[in-house]
Amino acid sequence: MIFRQLFDTDSSTYTYLLASRRGGEALIIDPVLDRVDRYIQLLEELDLKLVKAVDTHVHADHITGLGALRDRTKCITVMGEQSGVDVVSMRVGEGDTIDIEGLSLDVIYTPGHTDDSYSYLFGDRVFTGDTLFIRGTGRTDFQNGSPVDQYNSLFNKLLKLPGETLVYPGHDYKGDTVSTIAEEKAYNPRLQVDSVDEYVEIMNNLNLSNPKMMDVAVPANLKMGLNQEELAAMGLAIGSEEGIALVGGDGDILVDLRDHAEREKNGVIPGSIHAPYTDLDEDVHPGGMLYELARASGKRMIFYCAFGERSAMAVQAARDGGIELARNLTGGIDAWKKAGGPLE
Ligand SMILES: [Fe+2]
């Protein structure tokens, strides 16, 4: 396994890079915009293909690297379903997994620092974002934070993990890098409380000033979508209504780019075929499944995903590969559901 803990000195943020092998797929957690060049270089040095970039929550102290990594590597951006970010490629909730080749993260919803805070469990280690720090916990006084929620996330979820579980936090301001659940239970001063009320009392009296980047970072982190309207203006997209009218006919090919887990959870458009986004590069070039299908059929190929972001990138890649009749289903399954489109 490849595991790297990277540090941004400006915001004291930890970023984690994971892969099962050299030459394989990689996943990154909480990348920082200013450090994207360094991540790209490391990916190249380790011969890794970045396929997913994941944030634990909407950050207030730095600008996320998710949008830049998506633009430069075509990776899938992942956040929790509560996040108010305009467009992320994939949204996850409690009990879901985030999968790449050879490894899988268990998704744990741990609100409190913010209402969209998640932790990710990977075998013997847990990435706790700003929910649990080494000898500290994340503040709860902005972005719909709640000390009560955080108490529950800590005491009813994270602290119930096996004591030897390694704790990898989203920040550290003192130079610590890793701890364990047992160590934090014993020595984290914020966790030495006897009741939720005692915890709330501590958290409500921290009197912290706002992070200096907050007014810039939060709005920037909420807006990182690709412009799907641009594809629509170029005549390379169809809306849900038009798409619904196509179901059952044989005029077009609908292509689902989502992962297996997303298909099972949210349903599939009847009659569509499955071609996971991570395999797209091979699929849209001569010899690839989609390329050959498009050539043989002469039909339009309509790509869809969860929110339209992956499919917008796919339309570009497919056209570059030679599939001229590639189109985007604007807004993805999210918009499809809202328009009452059929799913199976
Ligand atoms: Fe945070």
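Remember, it's 1-based here, ligands and their atoms both numbered in the order they're listed.
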Any N, O or S atom of His171 closer than 2.8 Å to the Fe ion (ligand 1): no
Has His59 got an N/O/S atom less than 2.8 Å from the Fe ion (ligand 1)? no
Thr114 side chain to Ser117 main-chain N or O, any donor-acceptor pair under 3.5 Å? yes
Can you list the steps and then say if Arg22 with Asp47 is a salt bridge (Lys or Arg N to Asp or Glu O under 4.0 Å)? CA-CA 6 Å; Arg22 258 189 115 88; Asp47 189 22; 6.0 Å; no
Any link between Tyr118 and Leu18 through a network of hydrophobic side chains (Ile, Leu, Val, Met, Phe, Trp, Tyr) touching at under 4.5 Å? yes
Is the positively charged end of Arg258 above the ring of Tyr277, judged by distance under 6.0 angstrom from the centroid and angle within 45° of the axis? no
Where the Fe ion (ligand 1) is the corner point, what angle links NE2 of His113 with NE2 of His57, to 10°? 90°
Backbone or side-chain N/O/S of Asp130 under 2.8 Å of the Fe ion (ligand 1): yes
